[in-house]
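See below for the structure under consideration.
The first residue in the sequence is number 1, and the count goes up from there.
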Amino acid sequence: MGGVLRAESLWVETFTGLRLGRFEKLVKVVRERGGNGPGGGRPWCLPLADRVLLVAVYYRTNLTMRQLAPLFGVSPATVCRVIQRLGPLLAIEPAPRPVADAERLWIADGTLVPVRDRTVAASSRNYRFSANVQVIIDADSRLVIASARPVPGNKADAHAWRESDLPAIAAGTTVIADGAYLGTGLIVPHRRSVEHTFARMKNWKILRDCRQKGDGLHHAVQAVATMHNLAKTG
């Protein structure tokens, strides 16, 4: 059965927000990371570009495997294999740092993402089982610099920040945050001036209700950050 969606300009821009040239660069990165290798010993029935698009469509729409399968003309099992294989390979790369450390200004931001896997989530202030996700954003470019591994959602932003590797990444750089980060050593402006990049990242519906288990949310955040950055620089 033939699918409807292919890695063509219309579908790429609709589901990723990327121009085709930028998407092709993303596919090249995935290929260089080994994404075109065998999947569980069986040859892939979709070319690599279509598989990268499949992962992007999954993260953008949060459709189930059964719903995605006919859109690409494959089985639900193949959809699952593609996401499990390629999701981690879309991980964010360090954003460009065009100026000296002393002149940079970064923003710490966090959000709660509802997660079905209770081994990585906890009941939180939104009355759902959620995970707390922390990121660093460049204040000028609004590029995502790095994201931390999610922690249970009952942990406050300040606690999640301290437990992550983000303080080490941000060492030597001025970082501002909102009032949730008091006591962390970050700069909290008197007026609320921290833009929440997550508001735009949550256009990717996987960050509104993640059904993935284990590291699935972590891989999703990393991949969304990658495509967010490419869209901002494209």
Side-chain angles (χ1 to χ4, degrees), residues 1-37 39-40 42-93 111 113-117 131 133 144 147 150 197-234:
M1 178 179 66
V4 176
L5 301 185
R6 290 290 180 264
E8 300 168 351
S9 181
L10 172 63
W11 303 122
V12 167
E13 292 190 24
T14 298
F15 289 104
T16 70
L18 302 176
R19 295 186 182 278
L20 189 58
R22 286 283 175 181
F23 179 76
E24 289 170 348
K25 289 183 179 180
L26 180 64
V27 173
K28 181 175 182 289
V29 169
V30 173
R31 181 181 293 108
E32 291 172 347
R33 293 175 176 177
N36 220 19
R42 290 173 290 173
W44 296 106
C45 54
L46 293 175
L48 181 60
D50 287 356
R51 281 180 274 138
V52 173
L53 179 63
L54 186 157
V55 178
V57 172
Y58 173 63
Y59 288 154
R60 174 71 79 177
T61 65
N62 209 17
L63 293 172
T64 65
M65 312 293 173
R66 187 179 298 276
Q67 291 167 328
L68 281 172
L71 295 178
F72 285 86
V74 296
S75 68
T78 296
V79 172
C80 183
R81 280 201 304 141
V82 169
I83 293 169
Q84 295 296 325
R85 170 68 173 149
L86 297 190
L89 302 184
L90 294 173
I92 187 173
E93 293 184 328
T111 194
V113 178
V115 184
R116 306 289 181 92
D117 184 359
V133 178
V144 179
S147 70
T197 291
F198 269 124
R200 292 192 302 276
M201 290 176 66
K202 282 191 174 181
N203 288 331
W204 298 78
K205 293 184 180 179
I206 190 73
L207 301 186
R208 298 182 185 181
D209 182 15
C210 183
R211 296 187 299 271
Q212 291 283 295
K213 295 182 179 180
D215 284 337
L217 175 60
H218 181 56
H219 296 321
V221 172
Q222 292 265 309
V224 169
T226 296
M227 289 182 277
H228 167 86
N229 285 358
L230 280 171
K232 293 289 287 184
T233 56

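- Checked against salt bridge (Lys or Arg N to Asp or Glu O under 4.0 Å), Lys28 has the following partners two or more places apart in sequence or in another chain: Glu32.
- When the salt bridge (Lys or Arg N to Asp or Glu O under 4.0 Å) test is applied to Arg33, the partners found at least two apart in sequence or on another chain are Glu93.
- Among residues two or more places apart in sequence or in another chain, the side chain to side chain donor-acceptor pair (under 3.5 Å) test is passed with Thr64 by Gln67.
- Taking the side chain as every heavy atom from C-beta outward, Leu48 and Leu86 approach each other to under 4.5 Å.
- For Thr78, the side chain to side chain donor-acceptor pair (under 3.5 Å) partners two or more places apart in sequence, or in a different chain, are Ser75.
- Residues Val82 and Phe72 form no side-chain contact, since every pair of their non-hydrogen atoms from C-beta on lies 4.5 Å or further apart.
- Proximity of a side-chain donor or acceptor of Asn229 to a complementary backbone N or O of Val144 within less than 3.5 Å is detected.
- Shown here are the side chain to side chain donor-acceptor pair (under 3.5 Å) partners of Gln212, two or more places apart in sequence or in another chain: Tyr58, Gln84.
- Proximity of Leu26 to Met227: side-chain heavy atoms (C-beta onward) are separated by under 4.5 Å at one or more points.
- Residues Asn62 and Arg211 are in side-chain contact: their nearest non-hydrogen atoms beyond the backbone lie under 4.5 Å apart.
- For the pair Arg85 and Trp44, the NZ or CZ position fails the cation-pi test of under 6.0 Å to the six-membered ring centre and within 45 degrees of the ring normal.
- Remark: Arg116 engages Asp209 in a salt bridge, criterion side-chain N to carboxylate O under 4.0 Å.
- Residues that satisfy the side chain to side chain donor-acceptor pair (under 3.5 Å) test with Asn203, not counting sequence neighbours, are absent from this structure.
- Counting heavy atoms from C-beta outward, Leu207 and Tyr59 have side chains that stay 4.5 Å or more apart.
- Side-chain atoms of Lys205 and Arg60, non-hydrogen and from C-beta on, never get closer than 4.5 Å to each other.
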